[in-house]
Amino acid sequence: GTYNFTVTVTDASGCIGSTAYTLVIDCPTNGASLAAFPALCDNVSPYIMSEGSPSGGTYSGTGVTGSSFDPLSGTQLITYSLVDIYACPQSASATITVNTAPTVTLASFNQVCEDDAVFALTGGSPLGGTYSGTGVSGGNFDPANSGTFTITYDYTDGNGCSNAATADISVVSCLGTGELFNEFNFKAYPNPTDGMFTIKFDLPLPADVSVKIISADGKTVFSESLQQYSGFYGKEFYRPEMEAGVYIIELKVDEKIIHQHLIMQ
């Protein structure tokens, strides 16, 4: 602060002299500092700040409660304040960059049979993430056991922010094709094929039926549903756009599921 005072002197002769003075006391500078904050993601837990020095001060700013900062997307200004040993107020400021976490999705999976071959998982977005869960290894899923399993897709962006999405995959214990060949006479031929093939079966009694052609990566390339259908079914296909590889033809008759593999050359 500013102080005014007077010095008065009386000499040996009794003469008195005085001079008025003004004393200004300034607070020292740089009594507080605030180290750089790490970049954060807006979907993480509150961040405990310890960058202020010397200790004992208080933090303030958007998203601040005590020494805890709740990450809010954008650039947030944080101030660290304290009173030094000279009773002088000190403060320092720095910014925290909070990046928006990526939006991650995972498409639903088709039902598969426990005797199906191992297949690559797809449907995670953005591309470049990783799959995990029971039966998952290296991005592939092994339907070795029946049940419902949760698949998790994790993705991390260029800012180091991560997010995840989940979807369930149902593995059912399908009846073997050999057991049902005589019952439904389910066939797909010729096999292998160059794109032209026929699917046929014969239902002795009315049933809810669905026919699907599923690629090795789990995508449905053809689907047809028939309510209370009975009798002979025969459909010719010409699908030159189907890439070479192994496809699964799924016939579902009420709760019975039959799979056949179709090789596209």
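Proximity of a side-chain donor or acceptor of Asp254 to a complementary backbone N or O of Asp208 within less than 3.5 Å is detected. The closest donor-acceptor contact from the side chain of Tyr80 to the backbone of Gly57 lies under 3.5 Å. Listed for the Tyr229 side chain is a donor-acceptor partner under 3.5 Å among the backbone atoms of Phe232. Proximity of a side-chain donor or acceptor of Asn191 to a complementary backbone N or O of His261 within less than 3.5 Å is detected. Formation of a donor-acceptor pair under 3.5 Å by the Gln90 side chain with backbone atoms of Gly31 is found in this model. Looking only at distances, a side-chain donor or acceptor of Thr193 sits under 3.5 Å from a matching main-chain atom of Gly195. When atom types are taken as modelled, the side chain of Thr65 and the backbone of Ser68 share no donor-acceptor pair closer than 3.5 angstrom.
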Can Phe201 and Tyr233 be said to form a ring pair (Phe, Tyr, Trp, His ring centres under 6.0 Å), step by step? CA-CA 5 Å; Phe201 56 86; Tyr233 175 98; 4.5 Å; yes

Does the ring pair (Phe, Tyr, Trp, His ring centres under 6.0 Å) test come out yes or no for Phe5 and Tyr21, once each step is laid out? CA-CA 5 Å; Phe5 62 94; Tyr21 292 90; 5.6 Å; yes

Please evaluate residues Arg239 and Glu241 with respect to the criterion salt bridge (charged side-chain N to carboxylate O under 4.0 Å, His left out), reporting the C-alpha separation (whole Å), side-chain torsions for both, the decisive distance (0.1 Å), and the verdict. CA-CA 5 Å; Arg239 306 297 291 263; Glu241 77 281 2; 2.6 Å; yes

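Shown here for Ser93 and Thr79, the closest heavy-atom pair between the two residues is OG-OG1, 3.1 Å. The minimum heavy-atom distance between Ala94 and Phe37, with the atom names listed, is CB-CE1, 3.9 Å.
With sequence neighbours excluded, the residues satisfying side chain to side chain donor-acceptor pair (under 3.5 Å) with Asp42 are Ser73.
Every pair passing side chain to side chain donor-acceptor pair (under 3.5 Å) that includes a residue from residues 153-164 is listed here, sequence neighbours excluded: Thr156-Ser162.
No hydrogens or angles considered: a donor-acceptor pair under 3.5 Å links the side chains of Thr220 and Asn110.
In this structure, Phe197 and Phe237 have parallel ring planes: the angle between them is below the 30° cut-off, well short of the 60° mark.
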